[in-house]
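These notes concern the structure reproduced below.
For this chain, numbers begin at 1 and follow the sequence in order.
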Amino acid sequence: LNFISYALVDAKTGIFLAGENMDKKVEPASLTKIATIYLVFKALKSKQISEDDYVTISEKAWRTGGSRTFIDVGEKVQVRELIQGSIVQSGNDATIALAEHISGSEEVFVDVMNKTLKKIGLDNTNFTNVSGMPDPNHYTNARDMAILSKVLIEEFPILYKKFSQKEFVFNNIKQSNRNMLLDTYDLADGIKTGHTESAGYCLAASAKYQNTRLVLVVFGAESSKERFINAKLLLTYGFKNYKTVKFFSKNQIIGKERIWGGSERYIDIGFNEDVFVTLSKYENVKVSKKINLISKINAPIKKNQILGNIDFIKNKKIIATRNIYALKDIEEGNIYRKVYDYFSKFFI
């Protein structure tokens, strides 16, 4: 595989299945727009903006170079059209217009974007613009971009479908989605391409088969054809060799633990979301589970409060760890319950 770096991850579990130079600093090119659109989706969810909003196109957005949606200065364009122009046509003009609509300027938007990416664990990413124009301080790595793509799909499953649109017409100009996997690989449904002379040909791709969704990020392919051919090979490798297994359901009670000083003696513990683990299709190795709870659980307890974690163990190695939560509220008990539990602790 003639890439500078790549990373293949199970989107449900976050387990990396393959990769090379995943932590190598690289130029993201238009994969930057995944981060921009992630913040746009967050603004839509919080109702800071609406897809129906009209945005007056600034001269800066109009003059920007590179890929374009061909919006005109002073034109009023709806947010939904700017989103599609950014995703499908990779329009730098549309992307800057979105940033200006949300934050007033590209610079302020970028500052918020970098802080937001740090919060989701992208410690080796820093952006100086929203479109992916080359800059010495504009960088990321394959691991971070895979995590970002995973989080975007996870948080916005409905809005994510915009990444599967194959073409978009604006100002009577039809442009096709540069992600050729949408036409050549039946399992693919997104996400974004990128290219500059210095970055080479880049791709963040996602595909789903049965219960497994994979995210693949590649940087530095020597040609557009090469990135798509090898992307299909890597995705096919992932689907042939791995499966995503559901171990527990959301709100499923996996145990009852003693609670001290509470209105009830026991608390139901479990998970606040479905729990999945990635397994090899060709290994018959049993996965064991080890529950690690805090030593003494004292009331009051709030629903979804973390009470410990569970390790999934295969071949004596921890392959995944997930938090365990309280599945209901438990208030403090009356004075008699508190006194009884206070003395009971000494005998346990």
Does S249 offer a backbone N or O that forms a donor-acceptor pair with the side chain of Q252 under 3.5 Å?
yes

How about K45: does its NZ atom have over 12 heavy atoms from other parts shown lying under 6.0 Å from it?
no

Distance-only donor-acceptor check, side chains R213 and S206, under 3.5 Å:
yes

Rounded to the nearest 0.5 Å, what separates atom CG in D186 from atom OG1 in T184?
9.0 Å

Are F271 and I254 packed together at the side-chain level, in the sense that at least one heavy-atom pair is separated by less than 4.5 angstrom?
yes

Atom pair CG/CD1 of L181 and I191 - distance to nearest 0.5 Å
12.0 Å

Considering the options Q48, H101, K76, which one meets the side chain to side chain donor-acceptor pair (under 3.5 Å) requirement together with D53?
H101

When rounded to the nearest 0.5 Å, the distance separating OG of S149 from CD1 of I34 is 4.0 Å

Is it possible for you to say whether L293 and I310 belong to one hydrophobic cluster, with membership spreading through side-chain heavy-atom contacts below 4.5 Å?
yes

Is there a donor in the side chain of S90 and an acceptor in the side chain of S30, or the other way round, less than 3.5 Å apart?
yes

Please determine, by modelled atom types, if T32 and H138 share a side-chain donor-acceptor pair under 3.5 angstrom.
yes

Taking side chain to side chain donor-acceptor pair (under 3.5 Å) as the test, write out the residues that go with T125, two or more places apart.
T140, D144

Residues which pass salt bridge (Lys or Arg N to Asp or Glu O under 4.0 Å) with D52, listed by chain and number, not counting sequence neighbours
R80

Over all heavy atoms of both residues, which pair between A320 and R322 is shortest? Give the atoms and the distance, please.
CB-NH1, 3.9 Å

N126 to T128 - nearest heavy-atom pair and separation:
ND2-CG2, 4.2 Å

Do K338 and E331 meet the salt-bridge criterion of a basic N to acidic O distance under 4.0 Å?
no

Shortest non-hydrogen separation from M22 to A7 and the atoms involved:
SD-CB, 3.5 Å

Taking only residues two or more places apart in sequence or in another chain, which ones pass salt bridge (Lys or Arg N to Asp or Glu O under 4.0 Å) with D111?
K115

Hey, what do you get for CG (D268) to CD1 (I253), rounding to the nearest 0.5 Å?
4.0 Å

Hydrophobic clusters here meaning ILVMFWY residues chained together by side-chain heavy-atom distances under 4.5 Å, can you tell me if I120 and L152 are in one?
yes

Distance in Å, Y139 OH paired with F127 CZ, rounded so as to fall on 0.5 Å steps
10.0 Å

Would you check if K192 and K33 make a side-chain contact, meaning some heavy-atom pair closer than 4.5 Å?
yes

Would you please name every residue forming a salt bridge (Lys or Arg N to Asp or Glu O under 4.0 Å) with E226, sequence neighbours left out?
none

Would you please classify the geometry between the F247 ring and the F312 ring as parallel, tilted or perpendicular, with 30° and 60° separating the classes?
perpendicular

Between I57 and D72, what is the shortest heavy-atom contact and its length?
CB-O, 3.4 Å

Across all chains, not counting sequence neighbours, the side chain to side chain contact (heavy atoms under 4.5 Å, CB included) partners of Q165 are Q84, V88, F168

Once salt bridge (Lys or Arg N to Asp or Glu O under 4.0 Å) is applied, do any residues pair with E264, and if so which ones, sequence neighbours excluded?
K328

Not counting sequence neighbours, which residues clear side chain to side chain donor-acceptor pair (under 3.5 Å) with Y160? List them please.
D189

If you define the side chain from C-beta out and look only at heavy atoms, does anything of I49 sit under 4.5 Å from L44?
yes

With heavy-atom distances below 4.5 Å as the criterion, would you say the side chains of L39 and V112 are in contact?
yes

Backbone N/O of K25 and side chain of N141: donor-acceptor pair under 3.5 Å:
no

Validation row: E100, I96 side chains within 4.5 angstrom (heavy atoms)
yes

Side chain to side chain contact (heavy atoms under 4.5 Å, CB included) with K166: which residues, sequence neighbours excluded?
L182, D183

Does a donor on one side chain sit under 3.5 Å from an acceptor on the other, for T69 and Q89?
yes

Does the ring of F16 carry R143 above it, NZ/CZ under 6.0 angstrom from centre and within 45° of its axis?
yes

Does any part of the side chain of V287, heavy atoms only, come nearer than 4.5 Å to the side chain of V245, both counted from C-beta?
no

Check: A61 main-chain N/O paired with T64 side-chain donor or acceptor under 3.5 Å:
no

Establish, from distance only, whether the side-chain atoms of N2 and E222 form a donor-acceptor pair under 3.5 Å.
yes

F3 and F219 aromatic centres sub-6.0 Å
no

Say you draw a straight line from CD of E81 to CD of E75; how long is it, rounded to the nearest 0.5 Å?
8.5 Å

Sequence neighbours left out, what passes side chain to side chain contact (heavy atoms under 4.5 Å, CB included) with E273? Give chain and number order.
none

Residue pair L235 / K232, side-chain heavy-atom distance below 4.5 Å:
no

Could you list the donor-acceptor pairs under 3.5 angstrom formed by side chains in residues 274-286, with sequence neighbours left out?
{"from": "D274", "atom 1": "OD1", "to": "K250", "atom 2": "N", "distance (Å)": "2.7"}
{"from": "T278", "atom 1": "OG1", "to": "D10", "atom 2": "OD2", "distance (Å)": "2.7"}
{"from": "T278", "atom 1": "OG1", "to": "T13", "atom 2": "OG1", "distance (Å)": "2.6"}
{"from": "S280", "atom 1": "OG", "to": "Y282", "atom 2": "N", "distance (Å)": "3.2"}
{"from": "K281", "atom 1": "NZ", "to": "F239", "atom 2": "O", "distance (Å)": "2.6"}
{"from": "Y282", "atom 1": "OH", "to": "K240", "atom 2": "O", "distance (Å)": "3.2"}
{"from": "E283", "atom 1": "OE1", "to": "K314", "atom 2": "NZ", "distance (Å)": "3.1"}

Contacts of N21 that satisfy side chain to side chain contact (heavy atoms under 4.5 Å, CB included) - sequence neighbours left out:
S5, K24

Does E106 reach the main-chain N or O of V130 with its side chain, forming a donor-acceptor pair under 3.5 Å?
yes

For K303 and N272, does a side-chain donor sit closer than 3.5 Å to a side-chain acceptor?
no

V40 versus I102: any side-chain heavy-atom pair under 4.5 Å?
yes

Output all residues satisfying side chain to side chain donor-acceptor pair (under 3.5 Å) with D311, sequence neighbours left out; order by chain, then residue number.
N292, T321

Minimum heavy-atom separation for A94 and S86, please, with both atom names.
CB-N, 4.0 Å

Can you see which heavy atom on V217 is nearest to which on A204, and at what distance?
CG2-CB, 4.1 Å

Does N177 use its side chain to pair, donor to acceptor, with the backbone of N179 at less than 3.5 Å?
yes

Can a donor-acceptor pair be found between the side chains of T196 and E27 at a distance below 3.5 Å?
yes

Heavy-atom count around Y209 OH within 6.0 Å, excluding the residue itself: above 12?
no

